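Have a look at the structure below, then the notes.
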Amino acid sequence: MISVPRLGMEHAAYRIETDSGAVWIDCPSAFNRDLEPVEAIYFTHKDFMGASNQYRDLWEAKVYLHVNDAEHPLAEQFPIDNKIYGDFTEHGIEAFYIGGHTPGFMIYIYDLVLFIGDYAFPPGSSMQFNPFGPKDKTRKRASRILDIVSERSLEVVCGFNFFTDFDSWREDFNHLLDTAR
């Protein structure tokens with residue numbers, strides 16, 4: 001989902017239809033009453049909270065954000081129903097605390113899909129870590145991402161403004177980690 005009209009550099013929000021209800025990973029920047037309701041909004045990090053306060057009010061959707069990002073002045077302006085303290089599974093979605101790019105950065109896995117936000121982008125040989133945030137912590141915590149996905153048969157990676165096949169993304173991500181050491 002993207003905002004129309006675009007609001008500058010746009011980020012994606014992803015809708016997942018689970019057996020226990022619809023969920024978003026991140027939130028559209030603009031408010032649109034015509035979108036179908038969701039039960040919950042899970043955030044990769046504070047930067048993508050968008051219009052979550054308005055969707056929360058309209059649908060009574062539960063907002064999830066890691067406690068380390070919830071304490072940031074930007075996030076303090078938004079209602080947060082569930083402060084995340086670590087890994088969890090809900091609605092069939094696995095959530096993993098990463099940290100790095102932001103103090104509370106999270107990734108999510110549902111079925112065969114990895115939701116990576118803007119931790120590293122773009123896909124391909126020019127992949128780089130997100131330059132906005134502590135570079136050393138971002139590099140260091142990236143190995144946790146590889147640990148999490150290493151034993152999984154994933155097919156797709158959804159990022160902040162892209163989606164790509166998992167195998168090529170993992171190869172690019174491995175290369176990025178190797179060159180960052």
Side-chain angles (χ1 to χ4, degrees), residues 1-111 113-123 129-134 138 141 145 156-164:
M1 294 175 278
I2 59 170
S3 300
V4 178
R6 291 179 64 84
L7 301 172
M9 185 155 173
E10 199 56 57
H11 69 267
Y14 296 94
R15 181 184 179 91
I16 302 171
E17 296 291 338
T18 74
D19 291 341
S20 58
V23 173
W24 278 347
I25 305 294
D26 293 325
C27 184
S29 298
F31 183 62
N32 179 347
R33 289 181 178 276
D34 296 331
L35 295 176
E36 292 294 319
V38 296
E39 303 280 324
I41 307 170
Y42 298 126
F43 286 99
T44 55
H45 61 308
K46 64 176 173 39
D47 300 342
F48 294 163
M49 294 189 77
S52 63
N53 57 329
Q54 293 173 293
Y55 290 112
R56 179 184 177 271
D57 289 346
L58 179 65
W59 301 325
E60 298 180 12
K62 300 298 180 206
V63 173
Y64 292 70
L65 183 69
H66 193 278
V67 65
N68 292 348
D69 276 0
E71 296 168 352
H72 187 277
L74 172 70
E76 287 179 342
Q77 300 176 49
F78 292 85
I80 299 164
D81 300 293
N82 295 299
K83 291 183 181 175
I84 303 167
Y85 288 88
D87 302 346
F88 70 95
T89 300
E90 188 174 281
H91 294 282
I93 299 169
E94 296 177 275
F96 300 94
Y97 168 65
I98 303 298
H101 164 51
T102 68
F105 199 92
M106 301 285 296
I107 64 169
Y108 299 91
I109 295 176
Y110 180 75
D111 197 22
V113 181
L114 167 65
F115 297 89
I116 194 72
D118 64 353
Y119 206 90
F121 59 87
F129 289 117
N130 190 317
F132 302 102
T138 301
R141 297 296 296 173
I145 296 170
V156 176
V157 176
C158 293
F160 84 101
N161 69 353
F162 68 87
F163 63 92
T164 190

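Since the structure is predicted, the reported quantities are computational estimates derived from the model, not experimental observations. Only heavy atoms go into these numbers, but all of them, side chains included; no hydrogens, no water, no symmetry mates.
A donor-acceptor contact shorter than 3.5 Å is absent between the side chain of Tyr108 and the backbone of Val113. One N or O on the side chain of Thr18 and one on the backbone of Gly21 form a donor-acceptor pair closer than 3.5 Å. Using a distance-only test at 3.5 Å, with no hydrogens or angles considered, a donor-acceptor pair links the side chain of Asp81 to the main chain of Val63. Side chain of His91 to main chain of Ala22: no donor-acceptor pair is present (N/O by atom type, distance under 3.5 Å, no hydrogens or angles). Remark: the backbone N or O of Ala12 is not paired with any side-chain donor or acceptor of Asp26 at under 3.5 angstrom. No donor-acceptor pair under 3.5 Å is formed between the side chain of His66 and the backbone N or O of Lys46.
With contacts defined as side-chain heavy-atom distances shorter than 4.5 Å, the pair Thr44/His101 does not qualify. The closest side-chain heavy-atom distance from Phe132 to Thr138 is not below 4.5 Å. In this structure, Phe48 and Leu65 have side chains that are not in contact, with every pair of non-hydrogen atoms separated by 4.5 Å or more. The closest side-chain heavy-atom distance from Tyr55 to Leu35 is below 4.5 Å. The shortest distance between side-chain heavy atoms of Ile84 and Tyr97 does not fall below 4.5 Å. Looking at Tyr64 and Met106, their side chains never come closer than 4.5 Å, going by heavy atoms from C-beta outward. At least one side-chain heavy atom of Met49 sits under 4.5 Å from a side-chain heavy atom of Ile80. Taking 4.5 Å as the limit, every side-chain heavy atom of Tyr14 sits out of range of all side-chain heavy atoms of Tyr110.
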**Request:** Quick one: do Tyr119 and Ile107 satisfy side-chain contact (heavy atoms from CB on, under 4.5 Å)? Show the steps, please.
**Result:** CA-CA 9 Å; Tyr119 206 90; Ile107 64 169; 5.7 Å; no
**Message:** What verdict does the side-chain contact (heavy atoms from CB on, under 4.5 Å) test give for Phe78 and Phe43, after you've listed the backbone C-alpha separation in whole Å, the side-chain angles of each residue and the deciding distance to 0.1 Å?
**Reply:** CA-CA 12 Å; Phe78 292 85; Phe43 286 99; over 6 Å; no
**Asked** Could you go step by step and tell me if Gln77 and Asn53 meet the side-chain contact (heavy atoms from CB on, under 4.5 Å) rule?
**Response** CA-CA 9 Å; Gln77 300 176 49; Asn53 57 329; over 6 Å; no
**Message:** Could you go through Arg15 and Glu36, starting from their C-alpha distance and side-chain angles, then the distance that decides it, and tell me whether this counts as side-chain contact (heavy atoms from CB on, under 4.5 Å)?
**Reply:** CA-CA 10 Å; Arg15 181 184 179 91; Glu36 292 294 319; 3.6 Å; yes
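In terms of heavy-atom proximity, His11 sits nearest to Ser29 at CE1-OG, 3.1 Å. Nearest heavy-atom pair, Thr102 versus His45, reported as atom, atom and distance to 0.1 Å: OG1-CB, 3.3 Å. Smallest separation of non-hydrogen atoms from Asn68 and Pro103: ND2-O, 3.3 Å. Closest non-hydrogen pair, Asp69 versus Ala75, comes out as O-CB, 3.3 Å. Across all non-hydrogen atoms, the minimal contact from Ile116 to Gly159 is CG2-CA, 3.9 Å. Here the closest heavy-atom approach between residue Gly100 and residue Pro134 is recorded as O-CG, 3.3 Å.
Rounded to the nearest 0.5 Å, atoms SG (Cys27) and CZ (Arg56) are 12.5 Å apart. Atom CD1 of Ile93 sits about 11.5 Å away from atom CZ of Phe96, to the nearest 0.5 Å. Remark: Arg141 CZ to Phe105 CZ distance equals 12.0 Å, nearest 0.5 Å. Considering CZ of Phe31 and CG of Asp57, their distance stands at 8.5 Å, rounded to 0.5 Å. Put simply, CG on Asp47 and CG on Asp118 are 6.5 Å apart, with the number rounded to the nearest 0.5 Å.
In Glu60, the CD atom is not crowded: 12 or fewer heavy atoms of neighbouring residues, nucleotides or ligands sit closer than 6.0 Å.
Evaluated for a ring-ring contact (aromatic ring centres under 6.0 Å, His included) with Phe121, the options Phe160, Phe129, Phe163 yield exactly one hit, Phe160.
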